[in-house]
Every structure is written in C-alpha cells, then in structure tokens.
Amino acid sequence: MIQKLAQRFWAIAGAVSIRTKILGIVLGMVALFGVGVTVQARYALTQTMAAQLEEQSVSVSRDLAARATDPILLNDLLRLHDLLDDTLANNANVRYAFIVDPQGQIIAHTFNGGFPLDLISLNPADASEHHHTALIETDEGLIWDTAVPILEGKVGTARIGLSDASMQAALFTLTAQFILTILLVSATGIIVAVFLTWILTRPIMALVHATQAVSQGDFSPRVPRWANDEICDLA
C-alpha cells in the first residue's frame, strides 16, 4: 500500500516541470510552517488565557463575597444589588453575579427578565471550600462559574459567571494576523522561488534546446556557461 502511494506520488511529482517543483516546495514549506506556528500559538494562548480567566473568576468572586457580608447581615438589599451591579460594571468579562442564602434561595442577582433556576445546581459549593469553579457551556460560549462561601457558608454563597468572549476575540485576532502573515510570506516566497527557478532552469533549458537540436543533426548550438557550478560543467 505504501509502495503504491509512493509510486503514485512520484508519478505525479515527476510529471511537472522543475519550476513547478521548486515553487511547490517553497510554498509547501511556508504553508506547513505557518500552519504549525498558528496551531501552536493558538494552543498556548488558549491555555494561558483560560488560566487567567479562571484566576480572575476566583478573584472577583472572593471580592464580591467579602464586600457582600455586611449588606447580607444588615439585610440591606438595595446596597447588595448596587454591589452586584458594580461588579458587572467594573469587570467586562463578568456575565452575571448573584448571591444565595444557606438554603439555596436567591437573595440578589443581575439577570434581567428572571433568574434561571437551573443555574443554581450547576455549581454547588461546600461550606468548607475556598471556592469552587465549574466550566459551563452556554449558547453564548463557555462560562467560568465560581462560587465562594460567605463566612464559611453561614450567610450564603456568592457566585459570578465569567465569559470567554474576550478570549475568543483574542484568538480570532491572533489567527487573522497569522493568516495575513502567511499570505505575505507566501507572496514573498513565490517571488523568491520564481527568481531561483529562473536562475536554476535557465542553463538547464539551454541544455535541453541544444540537446534537441543535436538529436535532429544540428551541431551548431553552443551552450554558454552561466556560472561555475555542476550544471555549467555539464554544459
């Protein structure tokens, strides 16, 4: 099977001119290198940004839990709602924030049009945990949902959801930049390859024409030496 594929490959490769082979090699190397770098860069950036988003989710949740303690104990719901609104306003990646009491009842939230009750059970946090983060897949993308117990869960739990929209935007921008770079490098590679093929194939084409003339009985053609290399030695 491998031998047949190899024979098929060489049959196709051998059917094209030297210029096409050189152009194909140059463009193939540029494309292979570009795709490899793009994939590696996307993977590295995804891992780094995902870790940063998770850390930000924990940090914002713990800050919210610390600041919400007094309003909860004083039953100051207005201040609690203002605190949640400030959390959304000051953190562009935060998609939602809410606080539940020890019995799992909603105290305050930032959802417009009603709270999605199914969200409560998606990320339960034990009172003894420092925090608990769950990755939730939604129609808007992935959400890092972090729950932080308030006073060891005695007065409730603070939850925030962090969207990966900024990460996806950064990945899209990076990919677009790499594709543009690959196109520019490919254009440069084509120019260089054309120049190289002209240098390499010019003496070969002269040899071909002279050989064809000799095969027809015309011994008058002379092949000039273009350079001091093996091809010109053959000429």
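Because only heavy atoms are used, hydrogens play no part in the values below, and waters and symmetry mates are left out as well, while side chains stay in.
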**Q.** Among Asp145, Asp126, Asn123, the one residue meeting side chain to side chain donor-acceptor pair (under 3.5 Å) with His132
**A.** Asn123
Q. Considering residues, nucleotides and ligands other than Glu137, do more than 12 of their heavy atoms fall under 6.0 Å from its CD?
A. no
Q: On the 0 to 90° scale, with breaks at 30° and 60°, tag the Phe115-Phe98 ring pair as parallel, tilted or perpendicular.
A: perpendicular
(Q) Whether the Gln168 and Asp164 side chains hold a donor-acceptor pair (N or O, under 3.5 Å, no angle test) is what I'd like checked. (A) yes
**Q.** Interatomic distance, Phe111 atom CZ to Arg95 atom CZ [nearest 0.5 angstrom]
**A.** 7.0 Å
Q. Looking only at atom types and distance, does a side-chain atom of Thr188 sit under 3.5 Å from a main-chain N or O of Leu184, one as donor and one as acceptor?
A. yes
Q | Short side-chain to backbone donor-acceptor contact, Thr110 and Ala97, under 3.5 Å | A | yes
Determine all donor-acceptor pairs shorter than 3.5 Å in which one atom belongs to a side chain in residues 79-90; sequence neighbours excluded.
unit_1	atom_1	unit_2	atom_2	d
Thr87	OG1	Leu83	O	2.9
Asn90	ND2	Asp86	O	3.1

Q.
Grouping I, L, V, M, F, W and Y whenever their side-chain heavy atoms are under 4.5 Å apart, do Val148 and Ile160 come out in a common cluster?
A. no
Q: Answer yes if Met29 and Val194 sit in the same cluster of Ile, Leu, Val, Met, Phe, Trp and Tyr residues linked by side chain heavy atoms under 4.5 Å apart, and no otherwise.
A: no
Q) Is there a path from Val60 to Ile99 through hydrophobic residues (I, L, V, M, F, W, Y) whose side chains come within less than 4.5 Å of each other? A) yes
Q) Do you know the tightest heavy-atom contact between His130 and Val58? A) CE1-CG1, 4.4 Å
Q.
Nearest 0.5 angstrom please: Gln56 CD to Ser166 OG, how far?
A. 7.5 Å
(Q) Keeping Arg159 on the side-chain end and Tyr96 on the backbone end, is there a donor-acceptor pair under 3.5 Å? (A) no
(Q) To check you understand the geometry: which heavy-atom pair defines the closest contact between Gly141 and Thr138, and what is its length? (A) O-OG1, 2.7 Å
(Q) Applying a strict under-4.5 Å side-chain criterion to I, L, V, M, F, W and Y, I'd like to know whether Leu174 and Val35 cluster together. (A) no
Q) Just by modelled atom types, is the Leu53 backbone N or O under 3.5 Å from a matching donor or acceptor in the Ser57 side chain? A) no
**Q.** Shortest non-hydrogen separation from Ile107 to Val155 and the atoms involved
**A.** CD1-O, 4.4 Å
Q) Which is it for Leu151 and Thr69 under the side chain to side chain contact (heavy atoms under 4.5 Å, CB included) test, yes or no, and what are the steps along the way? A) CA-CA 8 Å; Leu151 292 181; Thr69 303; 3.7 Å; yes
Q) Given Leu119 and Leu122, is the side chain to side chain contact (heavy atoms under 4.5 Å, CB included) satisfied, shown in steps? A) CA-CA 5 Å; Leu119 186 60; Leu122 293 179; 4.0 Å; yes
Q.
What's the separation between atom OG1 in Thr146 and atom CZ in Arg62, rounded to the nearest 0.5 Å?
A. 11.0 Å
Q: Output yes when a side-chain donor or acceptor of Thr48 lies under 3.5 Å from a complementary backbone atom of Leu45, and no otherwise.
A: no
Q: Measure across Ser61 and Ala158 and return the closest heavy-atom pair with its distance rounded to 0.1 Å.
A: O-CB, 4.2 Å
Q) Cluster question for you: counting only ILVMFWY and a side-chain heavy-atom cut-off of under 4.5 Å, with indirect links fine, are Phe178 and Leu183 together? A) no
Q.
Within this structure, what is the OG-CD1 distance for the pair Ser163 and Ile143, rounded to the nearest 0.5 Å?
A. 4.5 Å
Q) In Å, rounded to the nearest 0.5 Å, how long is the span from CG of Leu78 to CG of Asn75? A) 11.5 Å
Q: Starting from the C-alpha separation in whole Å, work towards a yes-or-no answer on side chain to side chain contact (heavy atoms under 4.5 Å, CB included) for Leu171 and Thr46.
A: CA-CA 7 Å; Leu171 290 175; Thr46 300; 3.5 Å; yes
Q) Looking only at heavy atoms, what is the nearest atom pair of Pro71 and Ala68, with distance? A) CD-O, 3.3 Å
Q | Ile72 CD1 to Ile150 CD1 distance, which is reported to the nearest 0.5 Å | A | 3.5 Å
(Q) Could you work out, with salt bridge (charged side-chain N to carboxylate O under 4.0 Å, His left out) as the rule, every residue matching Arg67, not counting sequence neighbours? (A) Asp63
Q) Got a donor-acceptor contact below 3.5 angstrom from the Ser59 side chain to the Glu55 backbone? A) no
